[in-house]
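Report on the following structure.
Note that this is a predicted model, so its numbers are computed, not measured. Along the sequence shown, residues carry numbers from 1. Each ligand, and each atom within it, is numbered from 1 in the order the structure gives.
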Amino acid sequence: MGTGKGYGKTILFGEHFVVYGLPSIVSALGAYTTADVNLLEGSGWTVSDQRPATPGYKELKHVEAMQAIANIINHLKVDIKTQRIEISFSGDLIAASGVGASAAQCTSLARALNETFNLNLDDEKINEAAYEGEKAYHGTPSGIDNTASTYGGLIWFVKNLGAGKNTIDLLQSPRKMLIVIANSGITASTAEVVADVRRLREESPEKIQKIFGAYKKLAETAKEALLEGDIATIGDLMNQNHKMLQQITVSGEINDELVKIALENGALGAKLTGTGRGGLVIGLTENAGIQEKIITIIEEKGYNAWKGTIG
Ligand code: MEV
């Protein structure tokens, strides 16, 4: 028997850009998925998924989730011929597009298998196993989601496009920052959206290269602003990052609408977070009063919204 946790995440800067080796900044969330593993007689594995979820999310991701579990079991060389593995997922992370739900599931499972079979895996190995799971969701994951899920905290992440290790630097911000996380309720296919960006890059290399260049500068400025706790600049850069995400066609109408609601009601900055074309939007707020107000207004419009803290 064993148990393990994987945190949810929110990408502050650089979703999609991160796939191409550009720097990104991600924060783990306080909410997590838990995996419990039991050993029974027989062979193979079974799953019971009790995670709270956006309606339709689990159904749409079912095939990918089953493949992710198989990938992790294979990667960790767990014997499923002479024993049966009963896996159960739960926790307070709401499984939705954009919150790193798949990575949290993969990380929690890697940790639970580690405990069950005394595999002595350190965080780096847990992260590698979770990454194998993430490959089931799209062929070329950057690894940002499983990294946030494994290590927690605020992370400057750069994918190494060669054979070397990814850059994973923990950032310490001098202040806690309050965010609103708004859920469009729409589950996007990460595989499809990532493939569309790749196509766009092949069709219009110069245009995309120009946006990538501007984004790289933005990410470096954002890192400085986070290290200084300069929330006005962070908010402004989030707005600029959202415009770049619109330019690479990953923002949907619903994302733009939620961004508008957040900004009109006092957010310092707002952007989509994660895959886009639905999923989640985050808004940075100066104080708890504004955070509360934006959540109330978003809920009045019929969407779910949650509080989050960064830093
Ligand atoms: C998904 O949370 C983040 C993307 O950048 C994909 C990835 O990094 O693998 C869209």
(message) With rounding to the nearest 0.5 angstrom, report the CG to CG distance, Leu272 to Leu245.
(response)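 Here the rounded value is 4.5 Å.
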Just need the protein heavy atom nearest to [atom], so name the residue and atom and give the distance.
atom	value
atom 3 (C) of ligand 1	Ile11 CD1, 3.8 Å
atom 4 (C) of ligand 1	His16 N, 4.0 Å
atom 7 (C) of ligand 1	Ser142 OG, 3.4 Å

Which atoms from ligand 1 have a heavy atom of [X] less than 4.0 Å away?
X	result
Glu15	5 (O)
Asp145	1 (C), 2 (O)
Val18	5 (O), 8 (O)
Ile144	8 (O)

(request) Keeping the roles fixed (side chain from Thr107, backbone from Ala130), state whether a donor-acceptor pair exists under 3.5 Å. (result)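 No, the answer is negative, given that no donor and acceptor are paired below the 3.5 Å cut-off.
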(message) Has Asn166 got a side-chain atom pairing as donor or acceptor with Asn160's backbone, closer than 3.5 angstrom?
(response) yes
(request) Evaluate the criterion side chain to side chain contact (heavy atoms under 4.5 Å, CB included) for residue pair Val281 and Thr273; output intermediate values, then yes/no. (result) CA-CA 5 Å; Val281 159; Thr273 182; over 6 Å; no
(message) For ligand 1 and His138, I'd like to know whether there is a polar contact (N/O to N/O, distance under 3.5 Å).
(response) yes
(request) Answer yes or no: does atom CD of Glu192 have more than 12 heavy-atom neighbours from other residues, nucleotides or ligands under 6.0 Å? (result) no
(message) Tell me whether Gln240 at atom CD has more than 12 heavy atoms from other residues, nucleotides or ligands lying less than 6.0 Å away.
(response) yes
(request) Please state whether Lys9 comes within less than 4.0 angstrom of ligand 1, counting heavy atoms only. (result)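 A heavy atom of Lys9 does come that close to ligand 1.
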(message) If we only consider heavy atoms of Glu134, is any one of them less than 4.0 Å away from an atom in ligand 1?
(response)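 Under 4.0 Å: no for Glu134.
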(message) Looking at Glu128 and Lys165, is any side-chain nitrogen of the basic one under 4.0 Å from a carboxylate oxygen of the acidic one?
(response)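 Here Lys165 does not pair with Glu128 in a salt bridge, since their nearest N and O are not under 4.0 Å apart.
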(message) With a 4.0 Å cut-off on N to O distance, would you call Asp123 and Arg111 a salt bridge?
(response)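 Counted as a salt bridge, because a side-chain N and a carboxylate O are separated by less than 4.0 Å.
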(request) Measure Val19 to ligand 1 on non-hydrogen atoms and call it side chain, backbone, both or neither using the 4.0 Å cut-off. (result) side chain
